[in-house]
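Letters A, B, ... mirror the listed sequences (proteins, then strands); counts begin at 1.
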Protein chains: 2
Amino acid sequence: MGSTRDKIITASNELFRRYGYNGTSLAQISEASGATTGSIYHFFPGGKVDLGVAVVNTTGSIYRELFEAIAGAAENPVNGVYDVFVGAAATLEETDFIDPCPIGTIAREVANVSDPLRRAAADAMNSWIDAVTAHLTAAGVDDDAARALGELSVSAIEGGFVLARSRRDASVLVRSGEQVTKLIRDAVDAAPLTQRSGT
Amino acid sequence: MGSTRDKIITASNELFRRYGYNGTSLAQISEASGATTGSIYHFFPGGKVDLGVAVVNTTGSIYRELFEAIAGAAENPVNGVYDVFVGAAATLEETDFIDPCPIGTIAREVANVSDPLRRAAADAMNSWIDAVTAHLTAAGVDDDAARALGELSVSAIEGGFVLARSRRDASVLVRSGEQVTKLIRDAVDAAPLTQRSGT
DNA sequence: GTCTATACCAAGATAGAC
DNA sequence: GTCTATCTTGGTATAGAC
């Protein structure tokens, strides 16, 4: 848990969210994590790209689990995704509008430069979409419709981060969450009654 | 038009889209534009940040005009935004998935570092949202609803770029465009008949 | 308004002792 | 597994002739 490797990943995650991938130096990571550059290369022989992939993989899993926890705690299937939008907005304001997600930033910076990083980002976001899809199909929505809503949800959140941070106003995430929720409600309402597990 | 200043902005725009803001060096810009670093600092005394702001402002205007052209040419008010999603998907595939928009990337990289760049990005995206809002209010949608749909449209496009480039598959933009269009159709259908200008 | 040359510093990465 | 020291390259920015 508190291993050196974990400390390096955690520090990198925070720095990437603040300064981006290319905007963060290994010297900063070394200082913030308390590990020397020698240690960093010990755990990540491929250097910064290896480290970036580890950050993306770790964050991808954590956010998928976070979605499942929030959606599972929602009062009904329709509100699960909405609660995520609201939670993201709150996080942004509490953290002085630091990027909640290093993955989207890294993906945009290096999608045309590093294949390992691009693929790791795609895998992470696909795992979120899978989770939303599963959440909605459990409420009776058919698979294609559920997946399209999952893709829109992830896109709207990632794009919402750009808008919210630029404006220094997170309320757009709440409004977009409301819009996406309208579509989700329609899809759940259209589902065969026999497969619905809630309202 | 073909002035040195314009060549510097154009070259920077393309490089930022490929490698990001921090991932692009002034030496690269110098080589791609044919202008020396001395020339670059002559036109942009504030250095890279000044140049970035100019790129964001220029691109912001061009894309706003492009939206108005596409939406104006649509067969009906409901399809204007959809056509933009489809056009963005086509552009991505034609350009080997280079980022269509330097603004979103720059915003995520430096929103917590450079206030001038952050504000320029916010202004650019707000101008797009204003344009979508005007497009929808002209079809009879009330202002708040139109603006929320404009925000969702821009968020879904910007977030869609992240997903599409990571996957190297642009089809998600078409699907998200369909979802957003459902909401737009509902809003236009709900508009008072006296204010509607089309179907 | 454009050029060459360069100052100055930070980047990623590595070597090798411990 | 961790450390210090350093190599090499590239970064932004500037100086000053033309």
Over how many whole Å does the gap from [X] atom [atom1] to [N] atom [atom2] extend?
X     : N      : atom1 : atom2 : result
B:I29 : D:dG10 : CD1   : P     : 17 Å
B:Y19 : C:dA11 : OH    : P     : 22 Å
B:F44 : C:dG1  : CZ    : P     : 12 Å
B:E31 : D:dG10 : CD    : C1'   : 14 Å
A:L51 : C:dA11 : CG    : P     : 15 Å
A:F43 : D:dG1  : CZ    : C1'   : 6 Å

Going by salt bridge (charged side-chain N to carboxylate O under 4.0 Å, His left out), name the residues that satisfy it together with [X], two or more places apart in sequence or in a different chain.
X      : answer
A:E151 : B:R167, B:R175
B:E178 : none
B:D169 : none

* Using a strict cut-off of less than 4.0 Å between a Lys/Arg side-chain nitrogen and an Asp/Glu carboxylate oxygen, indicate whether B:D144 and B:R147 qualify as a salt bridge. =>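 No.
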* Does A:H42 put a side-chain nitrogen or oxygen below 4.0 Å from OP1 or OP2 of D:dG1? -> yes
* **Side-chain N,O (B:T36) to OP1/OP2 (C:dT2) below 4.0 Å** => no
* To do: For B:L26, check side chain to side chain contact (heavy atoms under 4.5 Å, CB included) against everything at least two apart and list the hits.
  =>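 Checked B:L26 against side chain to side chain contact (heavy atoms under 4.5 Å, CB included); matches are B:I29, B:Y41, B:K48, B:L51.
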* To do: Using side chain to side chain donor-acceptor pair (under 3.5 Å) as the criterion, list what pairs up with A:R185, not counting sequence neighbours.
  => none
Quick one: which protein N/O atoms are closer than 3.5 Å to N/O atoms of nucleotides 12-18 of chain C? Pair and distance per line, please.
from	atom 1	to	atom 2	distance (Å)
C:dG12	OP1	A:T24	O	3.4
C:dG12	OP1	A:K48	NZ	2.8
C:dG12	OP2	A:L26	N	2.7
C:dA13	OP2	A:Y41	OH	2.6
C:dA13	OP2	A:K48	N	3.2
C:dA13	O5'	A:Y41	OH	2.9
C:dT14	O4	A:T37	OG1	3.3

